[in-house]
There are 2 protein chains.
Amino acid sequence: MRDGKSHRMEDVAVEAKVSLATVSRVFSQPDLVSEETRQRVHEAAARLRYLPNLMAGSMAGKRSRIVGALVPAIASPIFSETISGLSSVLREARYELMLSQSGYDPEQELSILQAFLGRRVDAIVVAGAVITPPSRELLLNAGTPVVETWELIAEPIDMAVGFSNPDAAAASARFLIDRGYRRLGFIGGTDRRSMQRLEGFGTAVSEAGLAAPQVISIKSPAPSSFMEGGAAMERMLRQDQKVDAVFCTNDLLAAGALFECQRRGLAVPGDVAVMGFSNLDISEVTVPALTTVQVGAREIGSHAAQMILDRIEGQGARPVPLDTGFSIIERQST
Amino acid sequence: MRDGKSHRMEDVAVEAKVSLATVSRVFSQPDLVSEETRQRVHEAAARLRYLPNLMAGSMAGKRSRIVGALVPAIASPIFSETISGLSSVLREARYELMLSQSGYDPEQELSILQAFLGRRVDAIVVAGAVITPPSRELLLNAGTPVVETWELIAEPIDMAVGFSNPDAAAASARFLIDRGYRRLGFIGGTDRRSMQRLEGFGTAVSEAGLAAPQVISIKSPAPSSFMEGGAAMERMLRQDQKVDAVFCTNDLLAAGALFECQRRGLAVPGDVAVMGFSNLDISEVTVPALTTVQVGAREIGSHAAQMILDRIEGQGARPVPLDTGFSIIERQST
DNA sequence: TTGAAAGCGGTACCAC
DNA sequence: GTGGTACCGCTTTCAA
């Protein structure tokens, strides 16, 4: 074990009585090596429990086979399906995922992106869009492939996979209006995606000739979306103008709002309808189950991974932003 | 930009009219460089937008400043607080997190661990214990620091942070019995931790002189724990022997079970009490809120990170397994 | 305080 | 098909 350090390629070469170059070939371009030699090398490697140092490989070769992913919060279930989809596809292709959370903090964001670039990741995926100009600037100059997700950025840094937040929210508003609801409420965060949804929602409401929705805003990041949803619903119900349907920008908020109604003995959707967004697992099981907007969270992740692989392995040109669409799933809460 | 490639230390050296070694010192041991030179180098670096290649640094130095974390499923909220805690502490110390999911698949587990070791991570954290002997073997031989979490392994590979699953489940059983429940049910997975909880639970029940609990097992990994919890509760209610309280090995299962009761018009805890485990956000907001077991998920992660840092940076000897304990949080569901 | 140079563990091009 | 070897970009003695 060479003084506590693991074996290297040269040790295998000696053990197999071949040159260093041959060992390298056995692992990266086996076709160029004779069956017999290959055999000998593999045996030698196994005997020494040799594990190629991929770090050294990355450095000599051109790529690290590492993709960096940046999310607002690791513990939030909102993006975790996306990360899971991303991870699955990447692993399949023998890439690893480096994950970090910004907490919606611009400084953290920048610092994490710098760390990723410093590590020479082959690509960066951000859940949502990059928040600040400095981060954007950094990424634009770096030349590393970047995928922004969960929204169709007007001018993405590089690639983008997602859906139109304004459109999805507008469709939600129209859905509620079609069901006969007239006094709408909107519960959402202050992050960019939430604001876009608010905009689409408001537009659709006014186009229908209805009064502007009652809006309750929650400062992101929230400690617990469930609790925030409950608190927001409470504030909503305290307003002078009563609402008959409330749209929440994610299912956690919606579930929290629903539970708050249950706590107050309000019938959902009888007294007030509740609609969520994202189609998280929870939306399917609450009583009543939540009407929500399906956005293909997992697919966003797997598509992001595929775009990256195409770009890196193929000579893929820069693709147009990929619209994964959305669809409303009607359940019992509306 | 040197033909599309980012600048390297030598470019900065030239720009600042100093030697390569000096630039290196400015970044890693600034005290050894005169104030003036340091200034010049920093300016040159800024001018070139120089970002040190940490990969090359890792290779020349002794450590990668990367920690690998392995979880059963990224999208499961069970371990995400732990990962978040881990990530936060590591970032603070300028380490990055490499994350991968095994899906409880032994082959994936082994393959991921090999990938981590191949990347020469400075340490590995596993959510839960390593599943198979080959993985264990690999880790034992590698000499890389390992932290197993969420249980107090009898013979950990290296370090361990967690709590006693049998004890926590036994305490839960006694809690229910103290509250007057007599016909207990147990809903859990087939993974190791669940089995340990079942064991502790069963022992406590029999020590109280009660009939063995009704057990419903769910094959891990489950697609959605909420749904599985509901389905399990349904099966539980269909048994001949009626239960008056059901313990679930996590809050997702418990919430699913609770919703199933609501769907069937059963009063909780009137007709049947439901108790969860882990104290996830959801347990606090359901109606009724779920009695559960607090296990300090986030602390497990931050402690794991701290143990790693102590080991790597200090010469920390191998610490004894760290018991983070548990406590029962009584809410309205029991 | 600064500089020269020998690695770190691979990759890949060029000969043979 | 195999071997020799010049890097990849940084860290770290060792001298000056």
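If you're wondering where the values come from, they're calculated on a predicted model, not measured in any experiment. Below, chain A is the first sequence line, B the second, and so on; all start at residue 1.
Following rounding to the nearest Å, Leu32(A) (CG) and dA12(C) (P) show an atom-to-atom distance of 11 Å. Distance CE (Met55(A)) to C1' (dC10(D)): 12 Å, rounded to an integer number of Å. When the P atom of dC8(C) is taken as reference, atom NZ of Lys62(B) falls 11 Å away, rounded to whole Å. Protein atom CZ of Arg40(B) is 12 Å distant from nucleotide atom C1' of dT1(C), rounded to whole Å. In this structure, the CG atom of Leu54(A) is 11 Å from the C1' atom of dG9(C), given to the nearest Å. dT2(D) atom P lies 11 Å from atom CD of Glu35(A), rounded to whole Å. The nearest whole Å value for the distance from the CD atom in Glu36(B) to the P atom in dT1(C) is 12 Å.
Note on Phe27(A): nothing from the nucleic acid sits closer than 4.0 angstrom, heavy atoms only. Looking at heavy-atom distances under 4.0 Å, Ser58(B) makes no contact with the nucleic acid at all. Note on Ser34(B): only backbone sugar-phosphate atoms sit closer than 4.0 angstrom, heavy atoms only; bases stay farther off.
Here Ser19(A) does not reach the OP1 or OP2 of dG4(D): none of its side-chain N or O atoms lies under 4.0 Å away. For Lys5(A), no side-chain nitrogen or oxygen approaches OP1 or OP2 of dC8(C) to under 4.0 Å. For dA12(C), neither phosphate oxygen OP1 nor OP2 lies less than 4.0 angstrom from any side-chain nitrogen or oxygen of Ser24(A).
Of all nucleotides listed (dA5(C), dG10(C), dT11(D)), dG10(C) comes nearest to the side chain of Leu20(A). Nearest nucleotide to the side chain of Tyr50(B), out of dC10(D), dG3(C), dG9(C): dC10(D). For Thr22(B), whose side chain is taken as the heavy atoms from C-beta onward, the closest listed nucleotide among dT12(D), dT2(C), dG9(D) is dT2(C).
For Arg49(B), the CZ atom sits in a loose shell: 12 or fewer heavy atoms of surrounding residues, nucleotides or ligands are nearer than 6.0 Å. Atom CD of Glu107(A) sits in a sparse spot, with 12 or fewer heavy atoms from other residues, nucleotides or ligands closer than 6.0 Å.
Between Tyr95(A) and Leu309(A) there is a side-chain heavy-atom pair separated by less than 4.5 Å. Using a 4.5 Å cut-off on side-chain heavy atoms (C-beta onward), Arg38(A) and Glu35(A) make contact. Leu117(B) is listed as a side-chain neighbour of Ile124(B), based on a closest heavy-atom distance under 4.5 Å.
Contacts between residues 7-18 of chain A and DNA chain C, defined by a heavy-atom separation below 4.0 Å, involve Arg8(A), Met9(A), listed by number.
The base of dG3(D) sits within donor-acceptor range of the side chain of Arg25(A), with an N or O pair under 3.5 Å.
Side-chain atoms of Ser58(A) and Arg65(A) form no donor-acceptor pair, as typed in the model, at a separation below 3.5 Å.
Under 4.0 Å is where a charged nitrogen must lie from a carboxylate oxygen, and between Arg40(B) and Glu43(B) no such pair does. Between Glu313(B) and Arg63(B) there is a salt bridge, with a side-chain nitrogen of the basic residue lying less than 4.0 Å from a carboxylate oxygen of the acidic one.
Map Asp31(B) and Met59(B) each onto its nearest nucleotide of DNA chain C; the residue landing nearer the 5' end is Asp31(B).
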